[in-house]
Amino acid sequence: MATKEAFLTTVREALAKGGQTPAILVPEVDVIQNATDLRKGLAQRKDALLSQLQKNAVLQEWNVVTVGSEAEARDAVVAIAKGLDADLVVRTSHPMIERLGLDEALAASSIESVLLTSRSGNLAPDRLQDIAARADIGITGVDYVIAETASATLVSRKGMTRMSSLLPPVHIAVAHIDQVVENLGDLLTLREAELAEEDAPNWYMNLVSGPSKTADIEQTIVIGVHGPGEVHLVIITG
Amino acid sequence: MPSIRTKEFTPRASEAINNPTIQESLGRLSNFRQGREEAIAEFGQERWDEYKKRAQEIKHETMEHLDHYLDMLSTNVERAGGHVFFAHDVQEANDYVAGVAQANNVKTVIKSKSMVSEEMGIADVLESMGIEPVETDLGEYIIQLAKEAPYHIIAPALHKSKEEVSELFERILGTPAQSDITALAAIARKVLREKFLKADMGMTGANFGVAETGTIVMVTNEGNGRMSSSLPKVHVATMGMERVIPRLADLSTFLPLLTRSATGQRITSYVSFATGPRRSDEEDGPEAFHLVILDNGRSNMLADPQLREALYCIRCGACLNACPVYSKVGGHAYGWVYPGPIGAVVTPSLVGVPIAKDLPFASTLCGACREVCPLNIDIPRMLLKLRSDANEGPKGTRKANRVEAMVMRGWRMTVGGPRMFTMAGKVATLLQWPLSRNRFLRRLPPPLSGWTRSRDFPKVAAKPFRSRWAAMALPPSKEGSDGD
Ligand code: SF4
């Protein structure tokens, strides 16, 4: 069995290095300051970022709905669910999603809405997958949205199941304009600052940039292979 | 390790050349080429070149300090609660994965596409243990049913027509014949969804392993990678040791290069960052995470200054699409896991020059592979090096045969001096007329007939290039070489 040391020794020999590798100096950066500066810059360019996002989201095959308020966002989500004849939706618990009051609004249209969590409700952990697999729609908030690639960024944690945006055939992501960043570098800068204090930083995340697709048979694009084939991005500007 | 059929290059190449279905499939490579070109045009050529340069610098830095970054990667995976196993060869890697499966009482393994797991041949190992391995990438699933090797790095079932896929599904899954590609994909979705929901172990590759955070980055379109790394209770990721990158921020450089080179996409539908197993505050995700880092001959490439840069490869597949040889002979001719130009470099290095000695010769050295490579890897130079290793190299494996030696001697004499060269050109112009059609020679006499059996040889121009060159006026600023 190769141990790590034996393995790394082979690598060092291949590099013709004797003994230990000298440490590589990493420049000190002030991640908190960087994030603060970036936020300021992004806030000044909100409108430009929004139109960049809208344009790219369409190219990436998102159905884009831009609304002015949370109430309008709720109506938009309900309209999508009704249009799809949904019976069951699962959702995550991003603060903004909570504020939308979706459960009540969907119930009024006889659509069952389940917060997919085993932490606060009465769902057992092993039930989550069953319910998500049966759901017609998964509704999630987002942590950030990248304008350049129209990527909804989902960090998984309490109340934010990975499978909500993965198992149902339709995914609705609800984002606020303040969550829009320009590129991956911006996203990493902001996440890094958020995680700066943590001992074991949560670097699990997913960038979702459109519907699931494949071109594996005759290079013909088919939408919706394993993940959701229909994706909606609801952007709240107010 | 999957069977190595590198010695059958010639028969398998001519099989592909004579198969109209395969030639039609290979014709579709033009979609990839076009997609890539358009994606770069949109990105901006100048910006593209800057990104390429930056990517090369990062890879250079990584490779020169590979021990350091691998150490950092494994430390950080462990800090996040994951396990790391360094495997010297595929045997060790397979034993480890088999052990993990056994310890967890695993019955079904869902796999998302990974070239390293193909290299390991882990599916066969699992199967021999009574564990069901299920490929979940649509293309991989198709070739798993057909019991074939991947045809292309990013499009494993490139060579299959929809009729063949339909026939395969009919025969193995018992589904009715389908001529609609969407319906075929729907069949696979349905069958595989059940496997996803019951699997107890997920295996994925890693497009990048980020040293600074211990994060595995998976770049996918179908969503199977997310499922494989999220639903089962155990996630095992396998990666070649060269896939480590120093920092998360480096992804800003690599991701656009990878997706645009591979499929012409701005980004893939999913880019997943997995760091260790499910954290205590997470709702779902695997309870255990294992990362297997594989050497399996890569350290030989690292040790060889002439081949080290081949480890910069990000497996985008662009060199396959650009290669005139791959575009004719297809993926199976290369006889192992990695086809195309990069395969012709990697395979001899990993399985040994003696048994893969034909591969470095499966190239016209036209340079198209290097031209499109986002890391600017000088594949033609490496192929030349491997050719000479095969011919007279230290291991003395492929002695040039008599004809070849004679031709080479003659060539040296001919190009050795301007007078001989000029004369040879004149003689050739006179000798070629009975063989030529238009601007190409359709058949060369033996021993060169092998060359023209499947391609045309350009006619020797009536007026030599040297005389035409002299006649052309050069713009003063463009004089000299452009470099590359
Ligand atoms: S050698 Fe270059 S072009 Fe070929 S797969 Fe690797 S990165 Fe892509």
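Model, not experiment: these values are computed from the prediction. Naming convention: chains lettered A, B, ... in sequence-line order (proteins, then strands); numbering from 1 in each chain.
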Check the side chains of B:Q34 and B:E38 for a donor-acceptor pair under 3.5 angstrom, ignoring hydrogens and angles. yes
Please determine, among A:E61, A:M205, A:R157, A:M160, the option with the most heavy-atom pairs under 4.5 Å with chain B. A:M205
Among B:E24, B:E140, B:M227, which residue forms the greatest number of heavy-atom pairs with chain A at distances under 4.5 Å? B:M227
Taking the six-membered ring of A:Y204 as reference, does the cationic atom of A:R162 (NZ for Lys, CZ for Arg) lie under 6.0 Å from its centre and within 45° of its axis? yes
Show every donor-acceptor pair shorter than 3.5 Å between a side-chain atom in residues 226-233 of chain A and any protein atom, with sequence neighbours excluded, or say none if there are none.
unit_1: A:H226; atom_1: NE2; unit_2: B:T136; atom_2: O; d: 2.6
unit_1: A:E230; atom_1: OE2; unit_2: A:H232; atom_2: NE2; d: 2.6

Test log, rule side-chain contact (heavy atoms from CB on, under 4.5 Å), inputs B:L158 and A:Q219: CA-CA 8 Å; B:L158 174 89; A:Q219 299 204 345; 3.4 Å; yes
Carboxylate-amine/guanidinium contact B:E283 B:R278, below 4.0 Å: no
What part of A:L187 lies closer than 4.5 angstrom to a heavy atom of chain B: side chain, backbone, both or neither? neither
Between A:S151 and chain B, which part of the residue has a heavy atom less than 4.5 Å away: side chain, backbone, both or neither? side chain
Considering only heavy atoms, which portion of A:P125 lies under 4.5 Å from any heavy atom of chain B: side chain, backbone, both, or neither? neither
Between A:S165 and chain B, with a heavy-atom cut-off of 4.5 Å, which part of the residue counts as in contact: side chain, backbone, both or neither? both
Under 4.5 Å from any heavy atom of chain B, what part of A:E218 do you find: side chain, backbone, both or neither? both
Which atoms of B:V271 are under 4.5 Å from chain A, going by heavy atoms: the side chain, the backbone, both sets, or neither? both
Residue part contacting chain B, namely of A:I217, when any heavy atom lies under 4.5 Å: both
Using a cut-off of under 4.5 Å for heavy-atom pairs, which of B:R247, B:K162, B:R226, B:R79 has the most such pairs with chain A? B:R226
So B:E61 and B:Y69, side-chain hydrogen bond (donor to acceptor under 3.5 Å, both in side chains) or not? Walk me through it. CA-CA 10 Å; B:E61 176 202 347; B:Y69 287 116; 2.5 Å; yes
So B:Y96 and B:F85, would you call those rings parallel, tilted or perpendicular, with 30° and 60° as cut-offs? parallel
